[in-house]
K.L.:
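My structure is below; once you've seen it, I'll send some questions.
Indexing begins at 1, ligand by ligand and atom by atom, following the structure's order. As the structure is a computational prediction, the values presented were derived from the model and not from experiment.
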Amino acid sequence: MKPVNGPPPPIPIVAATEEVALYEIRKKIYPRVVHGWFATWRWSLIFATQLVFYGLPWLTWNGRQAVLFDLGARKFYIFGLVFWPQDVIYLTVLLILAALSLFLFTTVAGRLWCGYACPQTVYTEIFTWIERKIEGDRLARIRLDAAPLTLEKFVIKALKHSAWFAVALWTGYTFVGYFSPIRQFGIDAITWRLGPWEAFWMLFYGFATWGNAGFMREQVCKYMCPYARFQSVMFDKDTLVITYDRPRGEPRGSRRKGVVPRELGLGDCVDCNVCVQVCPTGIDIRNGLQYECIGCAACIDGCNQVMDKMGYAPGLIRYTTQNALARGYDSRTMWRRVFRVRTLVYSAVLLALIAITALSLATRNPLKVDILRDRGALAREAAPGVIENVYRMQIMNTDETPRRFTVEASGVPGLAVQGVEQPVSLGAAQSRMFAVRLTAPSPEDDTDEQKPRGQDDERRANTRNIEFTIRAVDDDKVVRHEKSTFIFPR
Ligand code: SF4
Ligand code: SF4
C-alpha cells in the first residue's frame, strides 16, 4: 500500500537535452562522370547556350555592337532593332513569354530548365568538367581531398582554381560586355582604365560564378532557388518525371552477370549505387521524387550503362508519368496524355503571343513622339489678337537610317507652328527635344463645337483640342498623330 503522508517523490531530472541542428551539415558531393544520351543532350545545350552567351557581344551590325544594352543612353540594340524606354511593353512581353515557356516545359516534363539550361547547372557542369580534368574522377577527388597537404596537392588545387578563376573572370567580362561596348571595355581592362562600375560588375559577376559553380553547387538549387520550391504545383500525374521503376527494380541486390534475377527472387536493380554516385545533388532517386532532384537525367544514363553491362533492358530509371506507372500505360498512351488540354492551351497561348509580338516588331513604327505642354511658359498673347502656346516636343528616330520630319498642327482655325526649323533632321537611332510654339488668332466666339466635354466651365470656355502630325519626309507611312490642347487665356 502507498504511504498517504510523507515527502513527495523526487521529480525526475532530464540529464541532457538532445540538440537538433536547424541546418543540415553539407556533405561534399563528388559526382562521377557519366556518358549517355541525356549527357550528350545536356552538353549540346551547354555548348549552344554558351556559344550564344560568349559570342553575341562580339558580333557587329551596321558598324556597331549587334547586341548592346546601353543603359547610359537608355537604348537597347538587338541587331536591327533599337528599343527605347517607351518600348518597355516588349520587356513585359518577354517576361510573360519566359514565364509561359517555363509553365509549359514544366507541365510537360518537369524541371527541364533546371536540368539542361539553367546557368547554375551549366556552369556547375563546366566547373566540374575542369575539376575532373585536373583532379581526376570521383574516387581520385575523394582521395585527394582526404590526403594531407603536400606540394603536389597544392599545385593541383592551385591549377584548378586558376582555371576556374579564368572562366569566372571571362564570364564576368562577357556579362559587362552586354552593357558596355565589349571591345573598348577589353582595351580599358588591359590598360587598367576601367570605370568603377564596370570593374565592380565584372568582378562581382565573376566572383558569383566562381562561388556558385565551384563551391555552392547543389546548395543553390536546394536552398536558394525559389523555382525549386514552387515547381511541384505545376506537376500533375501526367507530367513526365525521372522515376525509378520500383516494381521492376525491387527487391534490389547484387548478383553475377548472366543469372536470371527472378530465379534469385531479385528485381533488376543490382544495388550498385551508380545512380547515386552520378547525381549532382547526391540523392537516391530510388527513394522516389524529391525536391532536390533537378531533373538532369544523369541517373538515367548511369543506370542504363549498368543495365547494358548486365544485359538487361534499359529504362529501370526513366522519364515516365505517375499515371503511366500506376495504370501501366504503353508509351503511345502516355505521350498522348502528356500532350493534354493543359499543355495544348499553354502552347496555343505561347504561339499566339510569339506571333503577335513578331508581327508588332515587324510593323513597328520607327518614329516615336512625346509632347508635353511647357509648364514654364503659359498661354499668352504674343501680339494683338494672336495667342501663343509653348510645348516640349521629343522626336525619336528608332531607325538605323537618318531621317527628316515635318511638324504640323491642326484643330484651331489659323493654327501655325513657329520656332521650328523644318524639316527636323535626326541621325540614326537619335532623339531630339525642342520647344514648339503654336500661334492662333484669338477666337471671336467661345461657343466653338470642339470644346472638350466633361471639364469645368472655365476650362471648357478656353481650351481647344488640337492634333500634332509628325511625318517623315521620305516615307508617308512613317507618321505620328499626337493629341494635345491649345489654351486661349481670358
Ligand atoms: S536524381 Fe537523377 S535526375 Fe535527379 S538530380 Fe539526381 S541524377 Fe539528376
Ligand atoms: S544505377 Fe540502376 S541498378 Fe544501380 S543502384 Fe541505381 S537503380 Fe539500381
K.L.:
Note the single closest protein heavy atom to atom 5 (S) of ligand 1, along with its residue, its atom name and the distance in Å.
P.N.:
Ile294 N, 3.4 Å
K.L.:
Can you list the protein N, O or S atoms less than 2.8 Å from atom 4 (Fe) of ligand 2?
P.N.:
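Within the sphere that stays under 2.8 Å of atom 4 (Fe) of ligand 2, the protein atoms of type N, O or S are Cys272 SG.
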K.L.:
Can you tell me how far apart CG (Leu372) and CZ (Arg392) are? Round to the nearest 0.5 Å.
P.N.:
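Here the interatomic distance stands at 9.0 Å.
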K.L.:
Just so I know, are the side chains of Phe200 and Phe204 near enough to count as touching, which here means a heavy-atom distance under 4.5 Å?
P.N.:
yes
K.L.:
Can you tell me the protein heavy atom closest to atom 6 (Fe) of ligand 1 and the distance?
P.N.:
Cys279 SG, 2.3 Å
K.L.:
Would Asp137 and Arg32 pass as an ion pair if we require N to O under 4.0 Å?
P.N.:
no
K.L.:
Atoms of ligand 2 less than 4.0 Å from Ile317 heavy atoms?
P.N.:
7 (S)
K.L.:
Assess Ile283 for proximity to ligand 1: is some non-hydrogen atom of it under 4.0 Å away?
P.N.:
yes
K.L.:
Do NZ/NE/NH1/NH2 and the carboxylate oxygens of Glu250 and Arg286 come within less than 4.0 Å?
P.N.:
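Result for this pair is no, no salt bridge flagged.
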K.L.:
Does the distance from a Lys or Arg side-chain N to an Asp or Glu carboxylate O, for Lys368 and Asp87, drop under 4.0 Å?
P.N.:
yes
K.L.:
Could Arg364 and Phe83 be counted as a cation-pi pair, given that NZ or CZ must be under 6.0 Å from the ring centre and within 45° of the axis?
P.N.:
yes
K.L.:
Measuring only between side-chain heavy atoms, which start at C-beta, is His35 closer than 4.5 Å to Asp301?
P.N.:
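They are not in side-chain contact.
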K.L.:
What protein heavy atom sits nearest atom 4 (Fe) of ligand 1, and how far off is it?
P.N.:
Cys293 SG, 2.4 Å
K.L.:
For residues 161-172, which residue pairs pass the side chain to side chain donor-acceptor pair (under 3.5 Å) check, not counting sequence neighbours?
P.N.:
Tyr54-Thr171
K.L.:
Considering only heavy atoms, does Arg286 approach ligand 2 within less than 4.0 Å through its side chain, its backbone, both, or neither?
P.N.:
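Within the 4.0 Å criterion, Arg286 contacts ligand 2 through side-chain atoms alone.
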K.L.:
Tell me which protein heavy atom sits closest to atom 2 (Fe) of ligand 1, plus the residue, atom name and distance to 0.1 Å.
P.N.:
Cys299 SG, 2.3 Å
K.L.:
Starting from atom 8 (Fe) of ligand 1, find the nearest protein heavy-atom neighbour and note its residue, name and distance.
P.N.:
Cys296 SG, 2.3 Å
